[in-house]
> 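This is the structure, below, for whatever I ask next.
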Amino acid sequence: MTIKVWDYVEEYKIEREEILAAVDRVFQSGVLVLGNSVKSFESEFATYCGVRYGVGVDNATNGICLALKALGIGQGDEVITVSNTAVPTVSAIVQAGAIPRFVDIESDTGLLDVSKLEAAITSRTRCVIPVHLYGQSVDMRSLLKITSLHKLRVVEDCAQAHGASHFGKRVGSMGDMGVFSFYPTKLLGGYGDGGLITTDSEELDAQLRRLRFYGMKGTYNAEEFGYNSRLDEVQAEILRVKLPRLDGYISRRRALAERYRMILNGTSLRMPVERDGNFQAYYVFVVRHPDRDRIIAELKANDIMVNISYPWPIHTMNAFSNLGGAVGDLPVTEAAAKLIFSLPMYPTLTEQQQDTVCLALGNILGETVGI
């Protein structure tokens, strides 16, 4: 039987009755757009993150774009982020009319290297988007000192880090806004697209609600140019069912991560690093090896699927060649992209399946694993 890098089917079997009941509640409510399900989930998720407000949107890509729009960031403004992220992080910046600028990453965590941030700031820099990659927070304490000194806004990309924290503060609660994705693969995933923006600002909350609904405060009369970026009622109600389980999902992921470390300790695979002060949620379990491509091919031949997040840094992609980036600009990012791959990681992955993955890795590497 194939072991997938991610799978929702077993989880759905466990939660099926509750999921179907949630869908039925929405269909019987008489309200299918921006009703009680969205309103309730916004409040519940904001509370979970430790902020005052949550604004449900259709996806995290538009969430980042709306967050930048709400801050007045647009044409000619520069937004600093990393290149080892999903394309949507950067496409959202471009969609807002701003210019992405990249900084390199830490060699051990793969997170934005805050020590390199200040050198990237120019007179046109307006915002920083730290990407909490792989389920772990960027060094926000240090980052916020720099952004405060330079009077820059901060939008956290939390798409991979629901429930992760930095010195006790959950991601999405430290910047001006945090943007979450509820794409099915995420730590808290729905059954389609979905996103949410967190903030402690009453003003930003109000503006985001207008921006996601054509710029309207009520109906039919637009106060400003806006968009159609609303979170769906069905997805919101499903996410309400799953939210109380999120900490359990994360606990299971952390247990699986610890087993990977224990079993693969001593092999030539480089294990992920959890930064001091961080509580990592392990959206993915990313290892590194110089013979990655052969390992992946041989795992696939054994019906074990893995993933690379991400094989091509954004600044090397043809779609973003107009930004002026080139191979060699971000040496740590580029080196990591040639080594990284993600092992299967999801709450319903069994220990037997995990052992199968580890034994296969040991055979491929010609090394002993701890089983």
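Along the sequence shown, residues are numbered consecutively beginning with 1.
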> Has N307 got a side-chain atom pairing as donor or acceptor with S342's backbone, closer than 3.5 angstrom?
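Answer holds: no.
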> Atom CD1 of I263 and atom OG1 of T368: how far apart are they, to the nearest 0.5 Å?
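Here the interatomic distance stands at 13.5 Å.
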> Can you find a heavy atom in the side chain of I340 that is under 4.5 Å from one in the side chain of S309?
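They are not in side-chain contact.
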> Do other residues, nucleotides or ligands put more than 12 heavy atoms under 6.0 Å from Y53 OH?
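Check passes, neighbour count above 12.
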> Could you tell me whether D247 and R170 make a salt bridge, using a distance below 4.0 angstrom between a side-chain N and a carboxylate O?
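Yes, D247 and R170 are salt-bridged.
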> Between T316 and W312, is there a donor-acceptor pair closer than 3.5 Å when you use the side chain of the first and the backbone of the second?
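Side chain of T316 to backbone of W312, a donor-acceptor pair under 3.5 Å: no, none is there.
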> Quick one, P347 and E10 - any side-chain contact, counting heavy atoms below 4.5 Å?
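With C-beta onward as the side chain, the pair stays apart.
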> Does T350 offer a backbone N or O that forms a donor-acceptor pair with the side chain of Q353 under 3.5 Å?
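Here the side-chain-to-backbone pair exists.
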> Going by distance alone, is a donor N or O of one side chain under 3.5 Å from an acceptor N or O of the other, for E274 and Y282?
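Yes, a side-chain donor-acceptor pair sits under 3.5 Å.
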> Would you please indicate yes or no on a ring centroid separation below 6.0 angstrom for F285 and Y283?
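That pair fails the under 6.0 Å test.
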> Find out whether S29 and N36 are in side-chain contact, i.e. whether some heavy atom of one side chain is under 4.5 Å from a heavy atom of the other.
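Of all side-chain heavy-atom pairs linking N36 with S29, none is under 4.5 Å.
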> If I take atom CG from residue L359 and atom CD1 from residue I364, how far apart are they, to the nearest 0.5 angstrom?
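Here the rounded value is 11.0 Å.
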> Are the side chain of E118 and the backbone N or O of I146 linked by a donor-acceptor pair below 3.5 Å?
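Not at all, since once roles are kept as given, no pair shorter than 3.5 Å links the two residues.
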> Checking D176 side chain against T199 main chain: does a donor-acceptor pair fall under 3.5 Å?
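No; zero donor-acceptor contacts below 3.5 Å.
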> Here's a test for you: under side chain to side chain contact (heavy atoms under 4.5 Å, CB included), which of D108, I105, D113, N84 qualifies with V332?
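Exactly one candidate clears the test, I105.
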> Are E11 and K242 ion-paired here, with the side-chain N under 4.0 Å from a carboxylate O?
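Looking at K242 together with E11, the answer is yes, because their closest N to O distance falls below 4.0 Å.
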> Taking atom types as modelled and ignoring hydrogens, do the side chains of T109 and Y134 form a donor-acceptor contact shorter than 3.5 angstrom?
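The criterion, which ignores hydrogens and geometry beyond distance, is not satisfied for Y134 and T109.
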> Would you say the side chains of E367 and S268 form a donor-acceptor pair under 3.5 Å?
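Yes, a side-chain donor-acceptor pair sits under 3.5 Å.
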> With a 6.0 Å cut-off (strictly less than), is the heavy-atom count around CG of N228, excluding the residue itself, greater than 12?
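Yes, enclosed.
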> Salt bridge or not between E42 and K39? Use side-chain N to carboxylate O under 4.0 Å.
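Salt bridge absent between E42 and K39.
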> So does N322 have more than 12 non-hydrogen atoms from other groups sitting under 6.0 Å from CG?
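It does: N322 CG has more than 12 such atoms within range.
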> Is any side-chain heavy atom of E224 less than 4.5 Å from a side-chain heavy atom of L211?
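In short, these two side chains touch, coming nearer than 4.5 Å.
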> Is a side-chain donor-acceptor pair under 3.5 Å present for E78 with T122?
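Side chains of T122 and E78: pair found under 3.5 Å.
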> Kindly compute the distance separating NZ (K186) from CG (L246), expressed to the nearest 0.5 Å.
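Result: 13.5 Å between the selected atoms.
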> Tell me, please, whether F279 has R254 positioned over its six-membered ring: NZ or CZ under 6.0 Å from the ring centre and within 45 degrees of its axis?
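Pair R254/F279 counts as cation-pi.
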> Using 0.5 Å steps for rounding, measure from the CG atom of D104 to the CG atom of L117.
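Spacing of CG (D104) from CG (L117) equals 12.5 Å.
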> Check the angle between the aromatic planes of F182 and F41 and answer parallel, tilted or perpendicular using the 30° and 60° thresholds.
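Perpendicular, since the angle between the ring planes exceeds 60°.
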> May I ask you to decide if R288's main-chain N or O and R270's side chain share a donor-acceptor pair within less than 3.5 Å?
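Side chain of R270 to backbone of R288, a donor-acceptor pair under 3.5 Å: no, none is there.
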> Would you sort out whether R292 and L339 count as a side chain to side chain contact (heavy atoms under 4.5 Å, CB included), showing the intermediate values?
CA-CA 6 Å; R292 175 193 65 191; L339 303 174; 5.7 Å; no
> Hey, does the side chain of T147 reach the backbone of L144 with a donor-acceptor pair shorter than 3.5 angstrom?
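Such a contact is found between T147 side chain and L144 backbone.
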> Does the E237 side chain pair with the main chain of A22, one donor and one acceptor, at a distance under 3.5 Å?
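It does not hold such a pair.
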> If you define the side chain from C-beta out and look only at heavy atoms, does anything of R253 sit under 4.5 Å from L187?
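Answer yes - side chains close enough.
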> Nearest 0.5 Å, please: how far is CG in D77 from CD1 in I99?
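With rounding to 0.5 Å, CD1 (I99) is 8.0 Å from CG (D77).
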> Here's a test for you: under side chain to side chain contact (heavy atoms under 4.5 Å, CB included), which of V9, I14, D7 qualifies with T348?
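Of V9, I14, D7, side chain to side chain contact (heavy atoms under 4.5 Å, CB included) with T348 is met by I14 alone.
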> Testing Y48, Y249, F180 for ring pair (Phe, Tyr, Trp, His ring centres under 6.0 Å) with H162, which one passes?
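Of the listed options, the one satisfying the test is F180.
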> Going by the angle between their ring planes, with limits at 30° and 60°, are Y191 and Y8 parallel, tilted or perpendicular?
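Plane angle over 60°, so perpendicular.
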> Take atom NZ of K169 as the centre, draw a 6.0 Å sphere, and report whether it contains more than 12 heavy atoms from other residues, nucleotides or ligands.
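Open: at most 12 neighbouring heavy atoms sit under 6.0 Å from NZ of K169.
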> Quick check: do I93 and L68 have side-chain heavy atoms less than 4.5 Å from each other?
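Result yes, sub-4.5 Å side-chain heavy-atom pair found.
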> Let's go through M305 and T2 carefully: what are the C-alpha distance in whole Å and the side-chain angles of both, what is the deciding distance for side chain to side chain contact (heavy atoms under 4.5 Å, CB included) to 0.1 Å, and is it a yes or a no?
CA-CA 8 Å; M305 303 298 116; T2 300; 3.9 Å; yes
> Please walk me through it: do L32 and V26 pass side chain to side chain contact (heavy atoms under 4.5 Å, CB included)?
CA-CA 7 Å; L32 297 176; V26 173; 4.0 Å; yes
> Test your reading of the model: is there a side-chain donor-acceptor pair from N302 to the backbone of I304, 3.5 Å cut-off?
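Looks like no, no N/O pair under 3.5 Å.
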> Hey, what do you get for OG1 (T47) to CZ (R52), rounding to the nearest 0.5 Å?
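Reported to 0.5 Å precision, the distance equals 12.0 Å.
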> For the pair R212 and D58, find out whether any cationic side-chain nitrogen is under 4.0 Å from an anionic carboxylate oxygen.
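Result for this pair is no, no salt bridge flagged.
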> I'd like to know if the side chain of Q207 and the backbone of E203 have a donor-acceptor N/O pair within less than 3.5 Å.
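No; judged by distance alone, with no hydrogens or angles, the pair does not exist.
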> Establish, from distance only, whether the side-chain atoms of Q95 and N62 form a donor-acceptor pair under 3.5 Å.
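Yes, a side-chain donor-acceptor pair sits under 3.5 Å.
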> Please report the shortest heavy-atom distance between I250 and G163, naming the atom on each side.
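Closest pair (atom of I250, atom of G163, distance): CD1-CA, 3.8 Å.
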> Measuring only between side-chain heavy atoms, which start at C-beta, is L71 closer than 4.5 Å to V155?
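Contact flag for L71/V155 side chains = yes.
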> Side chain to side chain contact (heavy atoms under 4.5 Å, CB included), that's the test. Do L152 and C127 meet it? Break it down for me.
CA-CA 5 Å; L152 303 177; C127 181; 6.0 Å; no
> From the options V82, L133, L111, select the one residue that forms a side chain to side chain contact (heavy atoms under 4.5 Å, CB included) with V138.
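Output: one option passes, namely L111.
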